[in-house]
Amino acid sequence: MEGQRSLDQLFDELLIQRKIFNNKEVLRDHYTPSLLPHRDRQIDELATILVSVVKGETPSNIFIYGKTGTGKTAVTIHVGEALVRKVGGCCYIRPYGTKLEIKRPEIPIPVWFIYTNCEIVDTQYRLLAKLAEYMGQSVPLTGWPTDKVYESFVRALDKEERLVIVVLDEIDRLLKKGSDSVLYNLTRINSDLKRAKVSIIGISNDLNFVEFLDPRVRSSLGEEELVFPPYYAQQLVDILSHRAEEAFFDNALDLGVIPLCAAFAAQEHGDARRALDFLRIAGEIAERDRASRVTEKHVRIAKNRIEQDRVTEVIKTFPTQSKFVLFAILLLEKYNASAITTGETYNVYKELCRQSKMDILTQRRVSDIISEMDMMGIVNATVVSKGRYGRTKEIRLGVPISQVKNVLEKHHKIERISNFVPPIQRKLI
DNA sequence: TGTCCACTGGAAGGGAGGGCTT
DNA sequence: AAGCCCTCCCTTCCAGTGGACA
């Protein structure tokens with residue numbers, strides 16, 4: 001009898017659980033919704049520029065700015081896909097994924113809409129190889145001279161009459177990797193083509209990116225510019241409400257949940273992607289708690305967890321040398337060094353390497369590693385001048401010391417030296 | 001006002017590792 | 001197998017710098 005009752009309870013609980021998510025996928029990053037609230041103007045503008053395709057003209061190159069999670073990618077894909085459906089042609093939307101082919105014999109020039117994310121395809125060679133692959137030309141991962149890859153891309157592209165719209169998402173990555181010459185080539189590619197035509201849509205969340213471009217690329221890429229402003233809290237509420245209708249069962253959310261997710265995300269420069277993460281994770285936590293509804297408490301837990309997971313994941317993937325540099329900073333912070341500078345970090349780092357019998361990198365390289373960690377938000381490094389005592393970076397951990405410690409000490413080499421005490425000046429207070 | 005510190009950060013290049021062509 | 005090419009991680013070299021101090 002006892003057993004039967006508990007099984008009964010379990011079923012009750014499991015049934016309650018089902019009352020939270022209806023379709024979780026709707027809240028994920030890669031989901032392109034059918035409706036994009038508060039982006040009508042941008043959709044309009046983009047469609048207006050691209051519509052010249054239908055008239056057989058090459059649309060201008062377009063440059064799209066806006067911070068992360070402002071709908072740049074979603075809008076671009078949305079409009080691109082709709083265009084292909086309307087005009088006929090071919091659509092490659094995801095980096096390695098889905099191809100959509102629409103045949104419309106009455107339209108003479110088909111449109112190819114190709115989406116690439118330059119965070120993944122981040123060098124000149126890889127980008128050209130990827131584009132060539134979309135054109136049905138396979139190129140080895142490495143080995144060919146770049147100009148040969150370019151040529152084979154151009155040849156494959158020019159096989160038939162078509163208009164190819166190449167979307168380069170996170171285009172700033174190419175510049176950071178010093179691969180911007182590919183942009184120069186791509187913006188001038190039409191002069192190498194007889195039958196096909198290419199137009200480029202560059203997407204970036206770095207507003208300063210354009211300043212560092214070759215002026216010729218800048219003027220060509222920026223023929224049309226579109227700006228995506230951040231969403232404010234009320235707009236985020238609309239977006240979340242719209243998605244939540246599909247993602248959750250009725251009454252699965254407390255009233256305050258969506259406004260709280262929106263408010264948190266609005267604090268982080270109106271990032272809709274982040275807002276959706278808050279909502280999804282909060283739902284998952286509620287589900288695991290076997291709660292009947294998602295509450296504000298779940299959202300707060302979700303917010304902390306997202307931040308912690310990000311930090312843990314980033315540190316875990318550091319190479320050993322970067323982990324040692326970070327461990328040196330951690331020790332200096334732990335033992336209250338008066339000010340953590342590059343020089344001081346380097347001294348502790350060297351000692352840690354000696355104890356672990358590791359190769360010691362140069363200070364120049366360590367300085368770069370510190371800058372990289374600063375970019376990722378793991379540490380905060382500011383260049384300060386101490387007058388007569390030189391110029392250096394002043395470094396602080398950007399995340400809780402205990403969290404960094406937990407992740408680092410899982411590394412076997414660091415675990416062995418975890419009791420090391422650095423010889424440093426102590427703070428007076 | 002000039003000096004000088006402790007670096008910063010750009011540039012060039014080496015070499016290991018991956019993979020291609022001939 | 002030899003000769004290339006590309007990428008990544010790193011070193012070496014060095015000009016440049018903000019501001020305390022003499």
Side-chain angles (χ1 to χ4, degrees), chain A residues 95 116-133 137-156 170 172-186 206 208-209 211-214 314-315 317-326 328-329 332 337-354 356-376 379-396 411 413 422-425:
Chain A
T116 347
N117 190 320
C118 303
E119 192 183 3
I120 304 157
V121 186
D122 61 352
T123 64
Q124 160 154 242
Y125 185 99
R126 281 183 206 151
L127 178 58
L128 290 172
K130 193 81 218 162
L131 295 176
E133 192 188 306
Q137 171 76 46
S138 78
V139 172
L141 285 170
T142 150
W144 284 9
T146 309
D147 53 345
K148 187 176 170 185
V149 184
Y150 177 78
E151 264 173 44
S152 85
F153 166 56
V154 169
R155 223 177 306 120
E170 310 205 33
D172 42 306
R173 292 289 168 146
L174 292 176
L175 197 76
K176 280 185 190 137
K177 282 267 183 159
S179 316
D180 49 324
S181 55
V182 71
L183 293 178
Y184 180 69
N185 289 330
L186 282 179
D206 181 359
N208 301 319
F209 157 72
E211 287 170 31
F212 299 101
L213 278 178
D214 182 312
V314 167
I315 298 175
T317 55
F318 276 170
T320 307
Q321 291 287 4
S322 304
K323 283 185 177 147
F324 269 64
V325 174
L326 183 59
I329 296 169
L332 286 164
S338 47
I340 308 175
T341 62
T342 307
E344 219 172 333
T345 304
Y346 188 61
N347 289 336
V348 177
Y349 158 81
K350 272 194 295 191
E351 196 44 48
L352 292 172
C353 286
R354 272 188 214 109
S356 304
K357 301 193 169 54
M358 293 239 310
D359 289 345
I360 300 172
L361 300 179
T362 55
Q363 183 160 337
R364 176 71 188 83
R365 177 68 193 129
V366 168
S367 173
D368 273 348
I369 290 175
I370 293 169
S371 301
E372 285 160 20
M373 293 197 287
D374 179 39
M375 292 242 298
M376 290 183 242
V379 302
N380 297 318
T382 348
V383 177
V384 290
S385 180
K386 296 172 180 291
R388 191 150 177 36
Y389 306 102
R391 228 158 81 93
T392 181
K393 285 194 188 91
E394 237 174 51
I395 307 155
R396 294 250 79 108
H411 191 282
K413 281 191 172 159
I424 49 168
Q425 278 188 318

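All values derive from a computational prediction rather than experimental measurement. As a basis for the values below, the full set of heavy atoms in this structure was taken, side chains included, without hydrogen atoms, waters or symmetry mates. Throughout, a chain's letter reflects where its sequence line sits, starting with A, and its residues are numbered from 1.
K386(A) meets the salt bridge (Lys or Arg N to Asp or Glu O under 4.0 Å) test with E394(A); sequence neighbours excluded. In this view, K413(A) and F324(A), M358(A), H411(A) satisfy the side-chain contact (heavy atoms from CB on, under 4.5 Å) rule, not counting sequence neighbours. In this view, V314(A) and R310(A), F318(A), M376(A), I378(A) satisfy the side-chain contact (heavy atoms from CB on, under 4.5 Å) rule, not counting sequence neighbours. Remark: D368(A) engages R364(A) in a salt bridge (Lys or Arg N to Asp or Glu O under 4.0 Å) (not counting sequence neighbours). Shown here are the side-chain contact (heavy atoms from CB on, under 4.5 Å) partners of S385(A), two or more places apart in sequence or in another chain: R391(A). With sequence neighbours excluded, the residues satisfying side-chain contact (heavy atoms from CB on, under 4.5 Å) with P140(A) are Y125(A), W144(A). Considering only residues two or more places apart in sequence or on other chains, R388(A) meets the salt bridge (Lys or Arg N to Asp or Glu O under 4.0 Å) condition with none of them. Under the salt bridge (Lys or Arg N to Asp or Glu O under 4.0 Å) criterion, E151(A) pairs with no residue at all, not counting sequence neighbours.
Each end of the helix from dT1(B)-dA22(C) to dT22(B)-dA1(C) gets its own axis, taken as the rotation carrying the C1' atoms of four end pairs onto the next four within a five-pair window, and the two axes meet at 20° to the nearest 10 degrees.
P422(A) places none of its side-chain heavy atoms less than 4.5 Å from the side chain of E344(A).
One can place CD1 of I370(A) at 14 Å from P of dC10(C), the figure rounded to the nearest angstrom. As a whole-Å value, the separation of Q124(A) CD from dC8(C) P is 13 Å. Summarising the geometry, the separation between CZ on R126(A) and P on dT7(C) is reported as 7 Å, rounded to the nearest angstrom. Distance, E372(A) CD to dC8(C) C1': 12 Å, rounded to whole Å. Atom OH of Y346(A) and atom P of dC10(C) are 12 Å apart (whole Å). When rounded to the nearest whole Å, the span between CG of D122(A) and P of dC9(C) equals 11 Å. When rounded to the nearest whole Å, the span between CG of L361(A) and C1' of dT12(C) equals 14 Å. Protein atom OH of Y125(A) is 13 Å distant from nucleotide atom P of dC8(C), rounded to whole Å.
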B/S/- along nucleotides 7-13 of chain B (protein heavy atoms under 4.0 Å) is SSBB---

Polar atom pairs (N or O), protein with nucleotides 20-22 of chain C, under 3.5 Å:
from    : atom 1 : to      : atom 2 : distance (Å)
dA20(C) : O4'    : R388(A) : N      : 3.1

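In this structure, I360(A) reaches the sugar-phosphate backbone alone: every heavy-atom distance under 4.0 Å involves primed, P, OP1 or OP2 atoms, never a base.
Distance from the side chain of W144(A) is smallest to dT21(B) among dT21(B), dC8(C), dT11(C). Comparing atom distances between the P140(A) side chain and each of dT11(C), dC20(B), dC6(C) picks out dC20(B) as nearest.
Screening residues 345-354 of chain A for salt bridge (charged side-chain N to carboxylate O under 4.0 Å, His left out) gives E351(A)-R354(A) as the qualifying pairs, with residues at least two apart or on separate chains.
Between R365(A) and E372(A), at least one side-chain N (NZ, or NE/NH1/NH2) sits under 4.0 Å from a carboxylate O, which counts as a salt bridge.
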